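These notes concern the structure reproduced below.
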Number of protein chains: 2
Amino acid sequence: MSEKAYKIFFGTLNNKNRLKIINLLRKGTKCVHDISAELKFNQTTVSHNLKRLLHCGFVFVENKGKHRYYSLNKKTIKPLMGLIDRHMHHFCEKIAKGER
Amino acid sequence: MSEKAYKIFFGTLNNKNRLKIINLLRKGTKCVHDISAELKFNQTTVSHNLKRLLHCGFVFVENKGKHRYYSLNKKTIKPLMGLIDRHMHHFCEKIAKGER
DNA sequence: ATAATATATGCTTATTATAACATATGTCAG
DNA sequence: CTGACATATGTTATAATAAGCATATATTAT
């Protein structure tokens, strides 16, 4: 796997707001307006972040009238989150010590 | 899992040099000097990055005389890389279109 | 105790990424 | 066709991050 691919993958995931969007979408498909309202994010911020999530296949879109419904790529997200949970469970003491 | 935990996890992985270090360590345990020499990185850069990898449990250290040998936490790294490879395999067309 | 080698850490600068404004585009209702 | 709503995009100021210098600490040999 290329260096660039890793960068895209982790770079996309390494963002507070995008992670919040991902976690919101885990509950179900939502349109931009709903995401914006529920997370209290600016609409442009949501759109920009969805664009990036879309670009690397973490989410999918479907047009329905004037709305665009975004859904999660659960095939990737689910095992990914499970992996993190397992890792954190074993290394939480170290992690808990600080931010860095 | 906390927002902070995700940030630490992805933030640590989202770095060219740290990923190179990880990929180098996949081949086996190495000391700072070896990593520095093989990747042509400044020694301080290597130490700073190893510190961060160590802090979140991606690598382990063992002291041997004046050397410190770093090894990968394969329990996490192996499935993680596998996951990325699988994801990229399915979404490479989209990824290949650009950097962002 | 001193020199030599290996590694770590504090700090500053340069790079990169993010958020949000302003605005553009798209879709539907009337 | 116009207005209203939904979403997207270009741009930029700000904030987060990284790299490397200078230096500190640790270990070993003499």
Side-chain angles (χ1 to χ4, degrees), chain A residues 3-22 24-25 29-56 58-71 94 97-100, chain B residues 3-25 29-56 58-71 94-95 97-100:
Chain A
E3 184 186 296
K4 192 172 150 187
Y6 287 132
K7 244 284 171 182
I8 292 169
F9 190 94
F10 293 121
T12 299
L13 260 4
N14 180 37
N15 178 276
K16 237 176 157 176
N17 293 349
R18 281 191 290 272
L19 287 170
K20 280 186 181 172
I21 291 173
I22 285 174
L24 181 63
L25 291 180
T29 297
K30 309 245 181 212
C31 71
V32 177
H33 181 259
D34 290 342
I35 297 171
S36 181
E38 294 195 44
L39 297 178
K40 277 157 191 146
F41 289 166
N42 194 295
Q43 176 264 312
T44 61
T45 299
V46 174
S47 283
H48 276 298
N49 285 325
L50 283 171
K51 187 183 182 182
R52 192 154 170 184
L53 287 168
L54 190 65
H55 170 249
C56 43
F58 291 121
V59 303
F60 306 117
V61 219
E62 199 188 346
N63 287 31
K64 249 183 196 154
K66 42 184 172 175
H67 298 270
R68 307 194 82 201
Y69 285 89
Y70 285 86
S71 60
K94 286 170 189 167
K97 279 182 200 158
E99 278 78 29
R100 280 230 150 196
Chain B
E3 187 187 294
K4 194 173 150 187
Y6 287 132
K7 243 283 173 185
I8 292 169
F9 190 93
F10 293 121
T12 299
L13 259 6
N14 181 36
N15 177 277
K16 236 177 160 179
N17 291 350
R18 282 193 288 274
L19 287 169
K20 280 185 182 172
I21 291 172
I22 286 174
N23 280 324
L24 182 62
L25 290 180
T29 296
K30 308 246 181 213
C31 70
V32 178
H33 181 260
D34 289 343
I35 297 170
S36 181
E38 293 194 45
L39 297 178
K40 276 157 190 147
F41 289 167
N42 193 294
Q43 176 263 312
T44 61
T45 299
V46 175
S47 283
H48 276 300
N49 285 324
L50 283 171
K51 187 183 182 181
R52 190 150 172 189
L53 287 168
L54 191 64
H55 170 249
C56 42
F58 291 121
V59 303
F60 306 117
V61 219
E62 200 188 344
N63 287 30
K64 250 183 194 152
K66 42 184 173 175
H67 297 269
R68 309 195 79 203
Y69 285 89
Y70 286 86
S71 61
K94 286 169 190 168
I95 300 286
K97 279 181 202 158
E99 279 77 28
R100 279 227 152 194

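Bear in mind the structure is a predicted one, so any value in this text is a computation, not a measurement. Proteins get letters first, then strands, A, B, ... in listed order; numbering begins at 1 in each.
As rounded to whole Å, 12 Å separates atom P of dA19(D) from atom CG of L50(B). Nucleotide dT28(D) holds its C1' atom 17 Å from the NZ atom of K64(B), rounded to whole Å. As rounded to whole Å, 14 Å separates atom C1' of dC5(D) from atom CG of D34(A). In this structure, NZ of K30(B) is placed 13 Å from P of dT7(C), rounded to the nearest angstrom. One interatomic measurement links the two molecules: NZ of K16(B) to C1' of dT15(C), which rounds to 12 Å at whole-angstrom precision. Put simply, CG on L13(B) is 16 Å from C1' on dA18(D), counting in whole angstrom units. The distance from atom CG of L39(B) to atom P of dG20(D) is 12 Å, rounded to the nearest whole Å. If you measure from atom CZ of R52(A) to atom C1' of dT18(C), you get 10 Å, rounded to the nearest angstrom.
Nearest-nucleotide positions on DNA chain C for N14(A) and K66(A) put N14(A) closer to the 5' end. Judged by closest nucleotide on DNA chain C, F41(A) is the one of N63(A) and F41(A) placed further toward the 5' end. Along DNA chain D, the nucleotide nearest N42(B) and the nucleotide nearest G11(B) are compared for position; the residue whose nucleotide lies closer to the 5' end is G11(B).
Side-chain nitrogen and oxygen atoms of N17(A) include none within less than 4.0 Å of the OP1 or OP2 phosphate oxygen of dT18(C). Phosphate proximity of dA18(D) to N15(B): present, with a side-chain N or O under 4.0 Å from OP1 or OP2. For Y70(A) and dA6(D), the shortest distance from a side-chain N or O to OP1 or OP2 is not below 4.0 Å. One finds no side-chain N or O of N49(A) lying less than 4.0 angstrom from the OP1 or OP2 phosphate oxygen of dT18(C). One finds no side-chain N or O of H33(A) lying less than 4.0 angstrom from the OP1 or OP2 phosphate oxygen of dT7(D). Taking 4.0 angstrom as the limit, H67(A) places none of its side-chain polar atoms (N or O) nearer than this to OP1 or OP2 of dT27(C).
When distances run from any side-chain atom of R68(B) to the nucleotides dT7(D), dT7(C), dT5(C), the shortest one goes to dT7(C). The side chain of S47(B) approaches dA8(C) more closely than any other nucleotide in the set dG20(D), dA19(C), dA8(C). Relative to the side chain of R18(B), the nucleotides dA18(D), dA6(D), dA6(C) differ in distance, and dA18(D) lies closest. Here the side chain of K51(A) is nearest to one of dT17(D), dA19(C), dT9(D), namely dT9(D). Closest contact between the side chain of Q43(B) and the listed nucleotides dT7(C), dA8(D), dA6(D) involves dT7(C). For H48(A), the side-chain atoms get nearest to dG10(D) when compared with the rest of dA8(D), dA8(C), dG10(D). For T44(A), counting side-chain heavy atoms from C-beta on, the closest listed nucleotide (dA6(C), dT18(C), dA20(C)) is dA20(C).
A tilted orientation is assigned to the rings of H67(B) and Y69(B), their planes being inclined by 30° to 60°.
For the pair L24(B)/L39(B), a side-chain contact is recorded, criterion being any heavy-atom separation below 4.5 Å from C-beta on. Using a 4.5 Å heavy-atom threshold, the side chains of I22(B) and L13(B) count as touching. The shortest side-chain heavy-atom distance between I21(A) and L53(A) falls under the 4.5 Å cut-off. No side-chain heavy atom of N49(B) sits less than 4.5 Å from a side-chain heavy atom of F41(B).
If you take CG on N17(A) and CD1 on I35(A), they are separated by 12.0 Å, rounding to the nearest 0.5 Å.
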